[in-house]
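Below is one structure, written out as structure tokens; the observations come after it.
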Amino acid sequence: MGFERMVENGTSSGVASGRSSVMSEAGQEELKPLLTPVQQMANCYRTILSQVGEDVERQGLLKTPERAAKAMMTFTQGYEQNLDELLNEAIFDEDHDEVVIVKDIDMFSLCEHHLVPFMGRVHIAYLPNKRVLGLSKLARVVDMFSRRLQVQERLTKQIATAISEAVQPHGVAVVIEASHMCMVMRGVQKMNARTTTSCMLGEFRDNPKTRDEFLSLIRTC
């Protein structure tokens, strides 16, 4: 009986000691300061640099993880934006019924498959229905959706759909021409390959004459 009691006491003491240790470690973890998103990302970049064989302590790389983290936050700032706030009531009643085109809008984005850039130009047209959108807002819509992890096909459709929802025009057309670094820097490594995608809504989809007018105008200098 005494032996059993000693074993029992020893076991319970060990469990109690273990629990105390776990609670102590948990308490220490709770006391650790929370890292900001940039700090967490910088730690990840530091690990990546180390894993590719770099010395993260050498002078040229000391601040690289933080710089890279801040750059990534800029590249993906579109996640923090929404269409209503972006347009900021820049929609105006106007009796204009001819095509509005803004072409050669510079665009860059990150391919969601390899996290490398693709960049190019966006051409946008819409056929107003008693309302027009401030011209600069078209470029801002492009920025909002391109500054996310993307594929070009989805980006094209998102821009067209957003403009259609914002001003409810008779039609919207979007064409994107871009060069993808995932095809240039790796894989097939084709320097001059460019990808063209389009999204046609409303009159631009249903009326060949309207569509052809748009495509003709964006090809002119």
Side-chain angles (χ1 to χ4, degrees), residues 37 72-113 115-182 193-221:
M72 180 59 75
M73 296 295 283
T74 298
F75 298 156
T76 57
Q77 66 187 10
Y79 288 117
E80 300 175 359
Q81 299 174 318
N82 68 72
L83 192 61
D84 290 337
E85 292 181 1
L86 188 76
L87 298 182
N88 194 27
E89 300 181 356
I91 298 173
F92 309 101
D93 295 331
E94 193 68 40
D95 189 18
H96 181 80
D97 58 0
E98 298 294 332
V99 175
V100 176
I101 298 177
V102 178
K103 66 178 187 175
D104 295 329
I105 301 171
D106 293 329
M107 175 278 302
F108 71 85
S109 189
L110 287 180
C111 165
E112 67 179 30
H113 301 142
L115 299 185
V116 293
F118 66 94
M119 62 206 74
R121 300 177 300 168
V122 182
H123 313 295
I124 299 174
Y126 71 98
L127 189 58
N129 181 18
K130 306 298 183 181
R131 298 198 300 174
V132 297
L133 183 63
L135 294 178
S136 68
K137 299 302 182 182
L138 296 173
R140 292 189 184 279
V141 170
V142 171
D143 285 345
M144 183 181 79
F145 287 110
S146 64
R147 295 189 181 185
R148 304 179 181 186
L149 303 184
Q150 280 287 9
V151 294
Q152 185 173 329
E153 297 88 342
R154 182 173 67 237
L155 174 60
T156 309
K157 187 172 183 179
Q158 285 178 332
I159 293 170
T161 301
I163 295 169
S164 181
E165 292 176 352
V167 291
Q168 300 179 341
H170 292 299
V172 179
V174 176
V175 170
I176 298 180
E177 303 168 292
S179 176
H180 291 248
M181 292 301 102
C182 59
R194 294 184 67 81
T195 301
T196 301
T197 51
S198 68
C199 181
M200 307 288 172
L201 303 177
E203 280 291 304
F204 290 96
R205 175 186 286 271
D206 301 333
N207 190 331
K209 184 177 179 180
T210 305
R211 181 170 62 250
D212 290 345
E213 178 186 1
F214 164 65
L215 294 175
S216 175
L217 287 171
I218 66 173
R219 293 190 188 107
T220 59
C221 297

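Side chains are part of it too, since the values below use all heavy atoms of this structure and drop only hydrogens, waters and symmetry mates.
With Arg148 contributing its side chain and Gly78 its backbone, the two residues share a donor-acceptor pair below 3.5 Å. Under the 3.5 Å distance criterion, the side-chain polar atoms of Ser164 are left unmatched by any main-chain donor or acceptor of Ala160. At least one donor-acceptor pair under 3.5 Å links the side chain of Gln152 to the backbone N or O of Ile176. At least one donor-acceptor pair closer than 3.5 Å links the side chain of Lys137 to the backbone N or O of Leu86. Without hydrogens or angle criteria, Thr220 side chain to Leu217 main chain gives a donor-acceptor distance under 3.5 Å.
With sequence neighbours left out, Thr156 forms a side-chain hydrogen bond (donor to acceptor under 3.5 Å, both in side chains) with Thr197. For Asp84, there are no side-chain hydrogen bond (donor to acceptor under 3.5 Å, both in side chains) partners two or more places apart in sequence or in a different chain. Take Glu112 and apply the salt bridge (Lys or Arg N to Asp or Glu O under 4.0 Å) test, not counting sequence neighbours, and it matches Arg154. In this structure, the side-chain hydrogen bond (donor to acceptor under 3.5 Å, both in side chains) partners of Glu177, at least two apart in sequence or on a different chain, are Arg121, His123. Partners of Asp93 under the salt bridge (Lys or Arg N to Asp or Glu O under 4.0 Å) rule, at least two apart in sequence or in another chain, do not exist in this structure. Considering only residues two or more places apart in sequence or on other chains, Arg194 meets the side-chain hydrogen bond (donor to acceptor under 3.5 Å, both in side chains) condition with none of them. Here Met181 pairs with Val116, Pro117, Met119, Ser179, Val184, Met185 under the side chain to side chain contact (heavy atoms under 4.5 Å, CB included) rule; sequence neighbours left out. Scanning for side chain to side chain contact (heavy atoms under 4.5 Å, CB included) contacts around Val167 gives Ile91, Tyr126, Leu133, Ile163, Pro169, with sequence neighbours left out.
Here the straight-line distance linking atom CE of Met107 with atom CG of Asp143 works out to 10.0 Å at 0.5 Å rounding. Atom NZ of residue Lys157 and atom OG of residue Ser198 lie 12.0 Å apart, to the nearest 0.5 angstrom. Atom CZ of Arg140 sits about 9.0 Å away from atom CD of Gln81, to the nearest 0.5 Å. Between Leu149 atom CG and Ser109 atom OG the span is 7.5 Å, to the nearest 0.5 Å. With rounding to the nearest 0.5 angstrom, the CG atom of Asp206 is 9.5 Å from the CG atom of Leu201. Within the model, atoms CD of Glu153 and CG of Leu155 stand 9.5 Å from one another, a figure rounded to the nearest 0.5 Å.
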May I have the list of side-chain donor-acceptor pairs in residues 208-216 shorter than 3.5 Å, sequence neighbours left out?
unit_1	atom_1	unit_2	atom_2	d
Arg211	NH1	Phe204	O	2.9
Arg211	NH1	Arg205	O	3.0

> Could you walk me through whether Ile124 and Val141 pass the side-chain contact (heavy atoms from CB on, under 4.5 Å) check?
Replying inline: CA-CA 11 Å; Ile124 299 174; Val141 170; 6.0 Å; no
>> For a side-chain contact (heavy atoms from CB on, under 4.5 Å) check, start with the C-alpha distance between Val151 and His113, then their side-chain angles and the critical distance, and finish with the verdict.
In response: CA-CA 8 Å; Val151 294; His113 301 142; 3.7 Å; yes
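The ring pair (Phe, Tyr, Trp, His ring centres under 6.0 Å) analysis of residues 135-180, with sequence neighbours excluded, yields the pairs Phe118-His180. Residue pairs meeting the salt bridge (charged side-chain N to carboxylate O under 4.0 Å, His left out) criterion with at least one member in residues 125-136, sequence neighbours excluded: Asp95-Lys130. Sorted by first then second residue, the ring pair (Phe, Tyr, Trp, His ring centres under 6.0 Å) pairs that include residues 73-102, not counting sequence neighbours, number zero.
Across Leu83 and Ala162, no two heavy atoms sit closer than the pair CD2-O, 3.6 Å.
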